[in-house]
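One structure is given below, encoded as structure tokens.
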Number of protein chains: 2
Amino acid sequence: MKQVGVVDIAREAGVSTATVSRVLNGAESVTGATREHVLEVVARLGYTPNAFAASLRKGRNDAIGIAVASISQPWHVKLIRELRRAIREQGFTTIVYDLEHSESVLIEHTESARRLRLAGMVLATGDRIDGDEVRAALDRMAGTVPLVVIGQELPGAGWTTVAFDDVAASEQAILELLGRRPKPVLFLGEAASSYLSEERRIGVERALSQFPDLLAGSELVALDAGMDFSVGYREVQARAGALARFGTIFCVNDELALGACRALSELGVRVPEDMMVIGYGDVDMLPYLTPSLSSLSGDVGGVAERVVRALLARIEGGHVDVGPKLQRKIVHRESTGG
Amino acid sequence: MKQVGVVDIAREAGVSTATVSRVLNGAESVTGATREHVLEVVARLGYTPNAFAASLRKGRNDAIGIAVASISQPWHVKLIRELRRAIREQGFTTIVYDLEHSESVLIEHTESARRLRLAGMVLATGDRIDGDEVRAALDRMAGTVPLVVIGQELPGAGWTTVAFDDVAASEQAILELLGRRPKPVLFLGEAASSYLSEERRIGVERALSQFPDLLAGSELVALDAGMDFSVGYREVQARAGALARFGTIFCVNDELALGACRALSELGVRVPEDMMVIGYGDVDMLPYLTPSLSSLSGDVGGVAERVVRALLARIEGGHVDVGPKLQRKIVHRESTGG
DNA sequence: CTGAAAGCGCTTACAG
DNA sequence: CTGAAAGCGCTTACAG
């Protein structure tokens with residue numbers, strides 16, 4: 001069964017394919033009566049234009065890619081929602097890519113973006129993108145697809161960056177928590193593969209360096225095993241005997257913090273009385289946990305807005321000043337004493 | 001700056017565009033030397049084929065759509081991962097659609113699927129799809145795009161369904177829990193808009209109907225407000241005075257169960273001593289909550305495998321017997337007494 | 001306001 | 001094993 005095309009519609013409606021195309025693309029010039037008639041035929045024959053033919057002819061694709069490190073992480077899902085909303089307001093469609101924290105998947109997606117001649121691409125990941133292969137793939141993609149990266153700045157990159165000031169956020173949070181309880185900190189971060197962890201660790205160190213004795217007692221862990229609940233759980237369990245020396249567990253994301261809390265509860269360590277716990281991202285579920293979890297929150301809608309503004313500027317061949325890094329704020333809940 | 005195309009490669013390599021195409025599509029017939037040379041030129045000029053032109057000419061698209069009710073729900077994300085893996089093994093690419101629990105978004109996506117001439121579509125949602133408009137859009141899509149639906153069966157539908165036997169799962173779970181504690185049940189489900197809730201409610205009723213006095217004391221709630229943490233929390237809070245009469249809170253998903261637990265904890269109701277709580281889906285985080293949450297789990301990988309098998313059969317114009325409904329099993333954790 | 005015709009960039013019978 | 005040429009289904013100058 002052959003699908004119906006413009007020519008079928010044109011023949012049936014007694015007009016040219018040009019007129020059909022004009023009606024379907026909302027051209028002003030078509031007479032009311034003609035328009036009605038064509039639309040009636042389109043509906044009757046159940047015609048849907050072939051997107052490939054249209055894009056090929058137009059020489060452009062109105063889709064913008066949204067690539068996130070992992071759709072398993074609620075923060076990224078929130079970001080996707082906000083970006084979609086902002087992008088659709090500008091008349092573009094979106095296509096979501098899940099990187100699954102994998103370099104090879106990212107590289108594949110850059111190729112897909114090129115093949116599809118995407119109008120633009122947004123990349124949000126805390127994983128490093130400065131490895132040789134990844135960097136080359138991104139540079140290659142950015143050559144034809146305007147790119148905006150969320151979260152990390154690379155020297156000499158051919159794209160725009162929108163980011164939170166995580167160094168400052170971490171520093172300030174640690175100072176505030178040390179004010180509540182001046183004891184060493186256990187920082188659960190990720191190894192060299194994570195740009196975000198690096199930034200956040202630097203902030204923590206910066207704050208602690210004001211108190212050399214506390215810094216000496218602190219432990220800044222660099223994990224290699226991903227960042228989910230199980231890892232937070234395992235790392236705290238592994239330090240069961242040494243927990244008394246810490247006053248705060250500072251986690252590079254909310255999932256780690258959740259896992260850490262579970263381990264503490266099993267070990268009989270009370271939160272926040274014996275240990276404060278805080279995460280990063282301020283995901284929706286945090287108020288509903290027991291204890292409810294404190295976190296460093298950031299304005300996702302604000303990020304989306306900036307990203308889209310920057311992307312549109314790039315698409316139109318210009319640049320735009322995205323302004324200073326965005327600020328985070330600390331949200332206290334039970335896990336830091338409310 | 002015009003993008004480079006096959007003709008540029010052909011000219012530079014001193015061959016025809018046909019040969020370039022053959023090399024790029026892995027045809028057997030090309031000589032080793034020619035192949036090497038063409039690939040060298042492709043790499044040197046940084047050529048990426050135009051996906052629109054290729055698909056238009058080939059008359060097909062090797063992409064399969066995966067539409068889920070909401071990517072905010074971890075169970076759906078797990079499903080996406082498994083489906084992607086299974087689909088890619090078959091040589092297709094995937095494209096993810098987030099329905100955001102919205103009928104209009106679903107309808108838009110069916111149109112997108114038609115325009116893109118997708119090779120197939122997988123739809124996973126617990127929301128009803130038998131409303132007039134939605135049903136019409138799905139029928140229309142299924143006319144050209146092979147469709148497999150996960151989770152709900154519709155009479156006379158032109159697609160294949162793969163589903164869990166949720167009626168049986170709920171019935172069995174309730175019977176088991178009544179064995180542990182013969183008290184009335186508070187069921188938190190969704191209103192008429194949810195097919196899944198309906199199935200699960202029926203199972204619960206079926207089990208309770210064996211114990212008329214318990215059925216009389218039970219309450220089967222039909223919520224209208226979505227299914228996230230906040231709803232579970234609010235509904236339990238709203239029944240603060242009446243909780244003593246129930247022995248179990250049975251939730252239609254894990255997020256509701258999490259919210260319910262938080263409310264119970266605030267009200268000083270101990271889980272599981274005073275109240276058992278169980279959810280649906282067995283999401284990854286459950287073991288790390290306090291208390292850890294019991295749930296009805298299902299084999300997501302098994303679903304993905306069946307779906308892909310059914311979809312391939314449809315794509316090739318045939319049908320396939322997907323077999324009986326899949327079984328769930330109850331996973332006991334602290335919230336039901338371990 | 002409308003139509004005839006060219007052409008977007010590929011792939012694939014067909015011929016050699 | 002390779003090339004010349006047709007054609008996938010649209011949209012858009014161009015002409016009327």
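To find a chain, count down the sequence lines: A is the first, B the second, and so on, and within it residues start at 1.
- Between B/Arg84 and A/Asp98 there is no salt bridge, since no side-chain nitrogen of the basic residue lies less than 4.0 Å from a carboxylate oxygen of the acidic one.
- Atom CG of B/Asn61 is separated from atom C1' of D/dC8 by 14 Å (rounded to the nearest Å).
- Counting any heavy atom pair closer than 4.0 Å across all strands shown, A/Val7 reaches no nucleic acid atom.
- Side chain of B/Tyr195 to main chain of B/Glu153: a donor-acceptor pair is present (N/O by atom type, distance under 3.5 Å, no hydrogens or angles).
- For the C1' atom pair drawn from C/dT12 and C/dG16, the interatomic distance equals 16 Å after rounding to whole Å.
- In this pair, B/Phe52 and A/Phe52 present their aromatic rings tilted. The plane angle is within the 30 to 60° band.
- Counting to the nearest Å, the P atom of C/dG9 and the CG atom of A/Leu116 are 16 Å from each other.
- Nucleotide C/dG9 holds its P atom 14 Å from the CZ atom of A/Arg60, rounded to whole Å.
- Comparing B/Phe52 and B/Arg22 by the nucleotide of DNA chain C that holds the closest heavy atom to each, the one mapping nearer the 5' end is B/Phe52.
- Computed from coordinates, the B/Arg114 CZ to D/dC10 C1' distance equals 16 Å when rounded to whole Å.
- Contact annotation: A/Ser55 side-chain N/O to C/dC8 OP1/OP2 distance is not under 4.0 Å.
- Electrostatic pairing of B/Glu82 and B/Lys78 does not count as a salt bridge here, judged by no charged N lying under 4.0 Å from a carboxylate O.
- A perpendicular orientation is assigned to the rings of A/Phe164 and A/Trp75, their planes being inclined by more than 60° (bins at 30° and 60°).
- Note: CG (A/Leu56) to C1' (D/dT11) measures 10 Å, nearest angstrom.
- Each of B/Ala53 and B/Thr19 was matched to the nucleotide of DNA chain D holding its nearest heavy atom; the match closer to the 5' end belongs to B/Thr19.
- Within the structure, a side-chain polar atom (N or O) of A/Thr34 is placed less than 4.0 Å from OP1 or OP2 of C/dT2.
- Using a cutoff of 4.0 Å between basic side-chain nitrogens and carboxylate oxygens, A/Glu108 and B/Arg88 are scored as salt-bridged.
- Comparing D/dT11, C/dT11, C/dA4 against the side chain of A/Ser16 picks out C/dA4 as the nearest.
- In this model, no side-chain donor or acceptor of B/Arg117 finds a partner on the base of D/dG9 within 3.5 Å.
- For B/Asn25 and C/dT11, the shortest distance from a side-chain N or O to OP1 or OP2 is below 4.0 Å.
- Atoms NE2 (A/His37) and C1' (C/dC1) sit 17 Å apart, rounded to a whole Å.
- Rounded to whole Å, the distance from CZ on B/Arg35 to C1' on D/dC1 is 12 Å.
- Under the Watson-Crick or G-U wobble criterion, with both distances below 3.5 Å, C/dA13 is left unpaired in every strand shown.
- In terms of polar N and O atoms assigned as donor or acceptor, the side chain of A/Arg57 never comes within less than 3.5 Å of the base of C/dG9 in a complementary pairing.
- Atom CD1 in B/Ile9 sits roughly 13 Å away from atom C1' in C/dC10 (whole-Å rounding).
- For D/dA4, there is no paired base (Watson-Crick or G-U wobble, both distances below 3.5 Å).
- Among the heavy atoms of the strands lying under 4.0 Å from B/Ala18 is at least one base atom, whether or not backbone atoms are also near.
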